[in-house]
A.B. asks: 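Sharing a structure here in C-alpha cells format.
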4 protein chains.
Amino acid sequence: MEKSNIREPKQKRSIEKKNKIIEAGYLLFCEKGFYNTNTVEIAEKAGISVGTVYSYFEDKKAIFLEVLKYYSEKILMPMYAEFETLSMPLDLHEIISKIIEISVQTHMFSEAAHEEMLAMSHSDKDVKKLTHDFEEQVVLKFAEILCELGINIQNVNEKIHIIYNAVEFYSHEAAFHKHNFINYDVMREEIIKMIIKMISDRGY
Amino acid sequence: MEKSNIREPKQKRSIEKKNKIIEAGYLLFCEKGFYNTNTVEIAEKAGISVGTVYSYFEDKKAIFLEVLKYYSEKILMPMYAEFETLSMPLDLHEIISKIIEISVQTHMFSEAAHEEMLAMSHSDKDVKKLTHDFEEQVVLKFAEILCELGINIQNVNEKIHIIYNAVEFYSHEAAFHKHNFINYDVMREEIIKMIIKMISDRGY
Amino acid sequence: MEKSNIREPKQKRSIEKKNKIIEAGYLLFCEKGFYNTNTVEIAEKAGISVGTVYSYFEDKKAIFLEVLKYYSEKILMPMYAEFETLSMPLDLHEIISKIIEISVQTHMFSEAAHEEMLAMSHSDKDVKKLTHDFEEQVVLKFAEILCELGINIQNVNEKIHIIYNAVEFYSHEAAFHKHNFINYDVMREEIIKMIIKMISDRGY
Amino acid sequence: MEKSNIREPKQKRSIEKKNKIIEAGYLLFCEKGFYNTNTVEIAEKAGISVGTVYSYFEDKKAIFLEVLKYYSEKILMPMYAEFETLSMPLDLHEIISKIIEISVQTHMFSEAAHEEMLAMSHSDKDVKKLTHDFEEQVVLKFAEILCELGINIQNVNEKIHIIYNAVEFYSHEAAFHKHNFINYDVMREEIIKMIIKMISDRGY
DNA sequence: GATGAATGAGGATTCATTCAT
DNA sequence: GATGAATGAATCCTCATTCAT
C-alpha cells in the first residue's frame with residue numbers, strides 16, 4: 001500500500017490552516033460551484049499556497065468532501081442544540097417554528113452549498129455516499145429525539161424523512177423569497193400545520 | 001447589435017437535427033453531468049459533427065438550457081394528460097396515486113437531470129432563471145387545474161408548491177429506493193394522506 | 001471499454017504530421033532526455049499545437065514508444081540492406097567491417113537515443129518490453145541471415161547476441177572517440193578478429 | 001566566489017549521515033530511477049529530514065553523482081579483491097569464471113543503477129564525465145593488474161575495454177535471464193572462450 | 001451547409017528548494 | 001545543527017470553440 005503524503009494536522013496552527021482551506025472552499029464552491037472554482041483560488045482565499053493545500057488534501061474533490069461535512073454540521077448543530085432546551089409541556093407549534101427559523105437562517109448563509117452538494121452527489125460516487133449517509137443519520141437522530149420526548153409515532157422514519165424534506169424545501173425557498181406568487185409566512189404556517197398533523201396522527 | 005450566426009431551424013431536417021442534439025445532450029448530461037460531458041461526445045451521440053452542433057447552439061450552455069426545457073416538458077406532459085381524463089366524482093387517493101406513479105416513472109428515467117439542473121441553477125444566472133420560471137409555471141398550472149375542477153382551496157399556491165415538492169422528493173427517493181430504513185410503500189401512503197388533508201382543509 | 005480518442009492517421013497529411021511529432025520527439029529526447037523534454041517543446045518543434053500532439057498520441061510516453069520504434073528501424077534498415085548485396089565467396093572481414101561502419105554512422109546520428117532508451121527501459125514496463133522484443137527480433141533475424149548464407153554455427157543465438165552487443169558497444173564508443181587511451185582503429189580490428197573467430201569456430 | 005553552504009563532514013556522526021543519504025539514494029534510484037525518486041523519499045529512507053539532506057548536498061543531482069561513485073566502488077571492490085588471491089600457475093578459465101560470477105552477483109543487486117547511470121550520462125554533462133572517468137580508471141587498473149601478473153598483451157587497453165564490456169553485458173543479461181532463446185550457461189562459456197583467445201593472442 | 005482537425009488557454013497536481021522555528 | 005511546512009514554477013493534459021476544406 002502506498003504511503004499517503006497527506007498531513008493529519010495535530011498542531012493548533014495546522015488545524016487552523018486546514019480549517020481555513022475548508023472555509024475558503026466552502027465560500028468559493030457556494031459562490032461559483034465546484035467546477036468553476038480552481039485550486040489556486042482556494043489557496044489564495046485561504047491565504048496560503050497551492051502546494052500547501054495539497055499537503056492537507058489528496059485532491060480537489062477531497063476538499064469538497066470536507067466542505068460538505070463542515071456544511072452538514074453547520075446546519076445540524078443549532079437544531080440539535082434547540083432540542084436540549086425543551087421543557088414540558090411541549091408547545092409543538094413553537095418548537096417547529098423555531099426549528100424552521102434555524103433552518104432558514106442556515107440556508108441564508110449557505111444557499112448554494114446545498115445545491116452544489118446535490119449536483120455532485122449524482123455524478124460522483126463519493127459525494128453520493130456522503131450525502132446519503134448524512135440524510136440517514138439526521139432522520140434517525142430526530143426519530144431518537146422524538147422517542148426520548150415520549151412521542152410515539154407510527155411510521156416514524158418515513159414521516160420524519162418527509163418532514164425533514166419539507167423543512168429543507170421551505171428554508172431554501174424562504175431564505176431568498178424566490179417566488180412572488182408565494183407568501184412565505186402563509187407557507188410556513190401550512191408546513192407547521194402539516195407537521196403537527198403528521199406527528200399527532202397515531203394511525204386510525 | 002452582433003449578428004448571430006446561430007441558425008433558427010425551419011426545415012424539417014434541421015429541426016430533427018436540433019432535436020437530436022438536445023436528446024443526446026439530455027442523455028449525456030443525465031449520465032455524467034454537465035462538466036463531465038464534452039461537446040464531441042454530444043455531437044457523436046447526435047450523429048453529427050461538432051461544427052454542426054455549433055451552428056445550432058451558441059455554446060455548450062445553450063445546449064444545456066434547451067435540454068432543461070425538454071426535460072421539463074418530459075416531466076409535465078404525462079401529468080397534464082392524466083388530468084384530461086378525470087371524471088366526477090373524484091377519487092382523490094387514486095388521482096394522487098397516479099400522479100405520483102407518473103412522477104416516479106419519470107424520475108427513474110432521468111434521475112440525474114434534476115440534480116444537475118439544481119446544481120447549475122445556482123452557479124449560473126440563466127439556468128437559475130429557467131428553473132425558477134419552470135416551477136412557477138407548474139404551480140400556477142396545477143392551481144388552475146384544481147380551480148377548473150371546482151376545488152377551492154385556501155392558500156392554494158403555497159399548498160401546491162409544498163405538495164409539488166413532496167411528490168418530487170418522494171419520486172426521487174423511491175425511484176432508486178435510496179434508503180434501507182425507509183419503506184417506500186408506507187412513505188407513499190403518508191404523502192398521499194398528507195396531500196389529501198391539505199387539499200381538503202378549507203381553513204377552520 | 002473506453003473508446004480511444006487517438007486518431008489513426010490514414011491521410012497523407014495526417015501521417016506526415018504524426019511523423020513530424022515522432023521526428024521532433026526523437027531529436028528532443030536525444031538532446032535532453034525524456035524527462036527534460038516537455039510536450040509544448042515537442043509540439044513547437046513539430047510545428048503544431050499541443051492539442052494536436054494529443055490527438056495523435058495517448059500521452060507523452062506513447063510518443064517515446066513510437067520514437068523508439070522509429071529509432072530501431074533507423075538502425076537496422078541499412079544493415080539488412082547490406083546483406084541483400086552479398087555475393088560469394090564471402091569476404092568476412094569486409095562484410096563485418098561494413099556492418100560496423102553502418103552501425104557507427106547510425107550512432108553518430110543518434111548517440112543519445114540509445115542511452116535514453118536503456119534508461120527508460122528499466123523504470124518503465126512498456127519500454128522494457130519494447131527493447132526486449134527488439135533485441136530478440138534482431139538476434140533471430142541475423143541468425144536467419146547467416147543460416148541462409150549457408151553458415152552453420154554452434155550456439156548461434158548466444159554468439160550473435162554477444163557479437164551484436166560488441167558491435168553496439170564499439171559503435172557507441174567510436175562514434176565519439178570517447179576515450180583518449182583507446183585507438184579506435186585498433187579496437188575495430190580486434191573486434192572483427194573476435195567476430196571472425198567466433199563465427200569460424202565450429203566447436204572442437 | 002560564492003560561499004558554499006554545503007558541509008564537508010568531518011565528525012563521525014556527520015559522515016555516517018552522509019553515507020545514509022547515499023545509501024538511500026542508491027536504493028531508490030535503482031528501484032525507481034532518478035526522476036521518479038523525490039528528495040523527501042530519500043530523506044525518509046535515510047532517516048533524516050529534507051533540510052538536512054540539503055546541508056550535505058548542493059542539490060538532487062549532487063546526490064546522484066555521489067551515488068554513482070558509491071555504486072562504482074561496490075562493483076569493483078570484490079573484483080580487485082579477487083585478484084589479490086591469485087597464485088601461479090594461473091587457471092585462466094577459473095579466474096574469468098570467478099570474475100564473471102562476481103559481476104553477475106553485483107548486477108543482481110543493482111540491475112537498474114547501471115542503466116540509470118547510462119541514461120543520465122547523456123543528458124547531463126557532470127554525469128557523463130563521471131562515468132567516462134570511471135570506465136577509464138577501470139580499464140587502466142585491469143591493464144595494470146595483468147601487467148603485474150606478467151601477462152603481456154598487444155593492444156591491451158582496447159582488448160580489456162572490449163572484455164570489460166562483454167562481461168558487463170553478460171552480467172546484465174544473465175542476472176535476470178532476460179531472453180528465453182538464450183542459454184546463459186552456454187553464453188558464459190562462449191564469452192570465457194572469447195576472452196581467453198583474446199588474452200592469449202600475442203599478434204601474429 | 002457540414003465536417004472534424006487544429007488551436008491554446010486553463011486547470012490539477014508535483015516537487016526541488018528554502019527558511020523560520 | 002536539524003526540522004519539515006511552505007512555496008510556486010513547471011508540467012501534463014483537456015476541451016470549448018473556430019475555420020479551412
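Scope of the values below: all heavy atoms of this structure, side chains included, with no hydrogens, waters or symmetry mates. Remember, predicted model here, so these are calculated numbers, not experimental data. By convention in this document, chain letters (A, B, ...) are assigned in the order of the sequence lines, proteins followed by strands, and residues within each chain are numbered from 1.
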A.B. asks: If you pin B/K17 and C/S14 to their nearest nucleotides in DNA chain E, which one's is more 5'?
C.D. replies: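 With B/K17 and C/S14 compared, the 5'-side residue is B/K17.
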
A.B. asks: Please report the distance, rounded to the nearest Å, between CG in D/D59 and C1' in E/dT18.
C.D. replies: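 Whole-Å distance recorded here is 13 Å.
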
A.B. asks: Just to confirm, is there a sub-4.0 Å distance from OP1 or OP2 of E/dG1 to any side-chain nitrogen or oxygen of B/S55?
C.D. replies: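 It does not, given that no N or O in the side chain of B/S55 lies less than 4.0 Å from OP1 or OP2 of E/dG1.
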
A.B. asks: Among residues at least two apart in sequence or on other chains, which ones pass side-chain hydrogen bond (donor to acceptor under 3.5 Å, both in side chains) with D/N19?
C.D. replies: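 With neighbours one apart ignored, the set is empty.
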
A.B. asks: According to salt bridge (Lys or Arg N to Asp or Glu O under 4.0 Å), who are the partners of B/D133, at least two apart in sequence or on a separate chain?
C.D. replies: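 Partners of B/D133 under the salt bridge (Lys or Arg N to Asp or Glu O under 4.0 Å) test: B/K129.
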
A.B. asks: It should be established whether A/K61 places a side-chain nitrogen or oxygen under 4.0 Å from OP1 or OP2 of nucleotide E/dA12.
C.D. replies: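 So the side-chain polar atoms of A/K61 never come under 4.0 Å of the phosphate oxygens OP1 or OP2 of E/dA12.
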
A.B. asks: Return the 5'-most residue of the pair B/Y35, D/V40 with respect to DNA chain F, ranking by each residue's nearest nucleotide.
C.D. replies: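 It is D/V40 whose nearest nucleotide is closer to the 5' end.
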
A.B. asks: Starting at atom NZ of D/K60, determine the distance to atom P of E/dT17, rounded to an integer number of angstrom.
C.D. replies: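 Going from D/K60 (NZ) to E/dT17 (P), I get 8 Å.
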
A.B. asks: In whole Å, I'd like the distance from the CD1 atom of C/I48 to the P atom of E/dG4.
C.D. replies: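 That distance rounds to 20 Å.
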
A.B. asks: Per the ring-ring contact (aromatic ring centres under 6.0 Å, His included) rule, what does the pair list look like for residues 41-60 of chain B, sequence neighbours excluded?
C.D. replies: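 Passing the test, one end in residues 41-60 of chain B: no pairs.
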
A.B. asks: How long is the line joining NZ of A/K18 and P of F/dA5, in whole Å?
C.D. replies: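 It is 14 Å, rounded to the nearest whole Å.
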
A.B. asks: Relative to the ring of B/Y26, is the ring of B/Y70 parallel (under 30°), tilted (30 to 60°) or perpendicular (over 60°)?
C.D. replies: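 Perpendicular, since the angle between the ring planes exceeds 60°.
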
A.B. asks: Looking at the side chain of A/V50, which of E/dG4, E/dC15, E/dT13 is the nearest nucleotide?
C.D. replies: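 Within the option list, the nearest is E/dT13.
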
A.B. asks: Check the angle between the aromatic planes of B/F64 and B/F34 and answer parallel, tilted or perpendicular using the 30° and 60° thresholds.
C.D. replies: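 Ring orientation of B/F64 relative to B/F34: perpendicular.
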
A.B. asks: In this structure, how many angstroms lie between the C1' atom of F/dT11 and the CD1 atom of C/I63, rounded?
C.D. replies: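 Whole-Å distance recorded here is 13 Å.
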
A.B. asks: Using side-chain hydrogen bond (donor to acceptor under 3.5 Å, both in side chains) as the criterion, list what pairs up with D/T131, not counting sequence neighbours.
C.D. replies: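 Here no residue qualifies.
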
A.B. asks: Assuming nearest nucleotide by heavy-atom distance, tell me which of C/G47 and A/T39 is located more 5' along DNA chain E.
C.D. replies: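 Its nearest nucleotide being more 5', the pick is C/G47.
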
A.B. asks: Please determine, for the side chain of C/S49, which listed nucleotide (E/dT13, F/dT3, E/dG8) has the closest atom?
C.D. replies: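 Of all the options, the side chain of C/S49 is nearest to E/dG8.
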
A.B. asks: Got a sec: does the NZ of A/K20 have more than 12 other heavy atoms crowding it under 6.0 Å?
C.D. replies: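 Counting other residues, nucleotides and ligands, NZ of A/K20 stays at 12 neighbours or fewer.
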
A.B. asks: Roughly, in whole Å, what's the span from CZ in A/F57 to P in E/dT14?
C.D. replies: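 The distance from CZ of A/F57 to P of E/dT14 comes to 15 Å, rounded to the nearest Å.
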
A.B. asks: Could you tell me if B/T52 and B/S49 have a donor-acceptor pair between their side chains, going purely by distance under 3.5 Å?
C.D. replies: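 Side chains of B/S49 and B/T52: pair found under 3.5 Å.
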
A.B. asks: Assign A/Y56 to base, sugar-phosphate, or nothing according to its heavy-atom contacts below 4.0 angstrom with the strands shown.
C.D. replies: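 Result for A/Y56 = sugar-phosphate.
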
A.B. asks: Using a cut-off of 4.0 Å on non-hydrogen atoms, how would the nucleic acid contact of A/T37 be classed: base, sugar-phosphate, or nothing?
C.D. replies: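 The residue A/T37 makes sugar-phosphate contact but no base contact.
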
A.B. asks: Quick check on E/dT7: is either OP1 or OP2 less than 4.0 Å from any side-chain nitrogen or oxygen of C/T52?
C.D. replies: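 Yes, such a contact exists.
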
A.B. asks: Using atom CG of B/N38 as one end and atom C1' of E/dT7 as the other, report the distance to the nearest whole Å.
C.D. replies: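 Nearest whole value for this atom pair: 16 Å.
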
A.B. asks: How many whole angstroms separate atom CD of C/E44 from atom C1' of F/dT11?
C.D. replies: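 Whole-Å distance recorded here is 14 Å.
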
A.B. asks: Check the interface with nucleotides 19-21 of chain F: list each N/O to N/O pair with the protein under 3.5 Å, or write none.
C.D. replies:
none

A.B. asks: For DNA chain E, what dot-bracket results from Watson-Crick or G-U pairs at under 3.5 Å, with [ ] for crossers and | for inter-strand partners?
C.D. replies: .||||||||||||||||||||

A.B. asks: What's the spacing between C/L28 CG and C/K45 NZ if we round to 0.5 Å?
C.D. replies: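 Rounded to the nearest 0.5 Å, the CG-NZ separation comes to 4.5 Å.
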
A.B. asks: Could you give me the CA-CA distance, side-chain angles and deciding distance for D/K32 and D/E41, then say whether salt bridge (Lys or Arg N to Asp or Glu O under 4.0 Å) is met?
C.D. replies: CA-CA 11 Å; D/K32 322 199 301 175; D/E41 287 173 298; 2.4 Å; yes

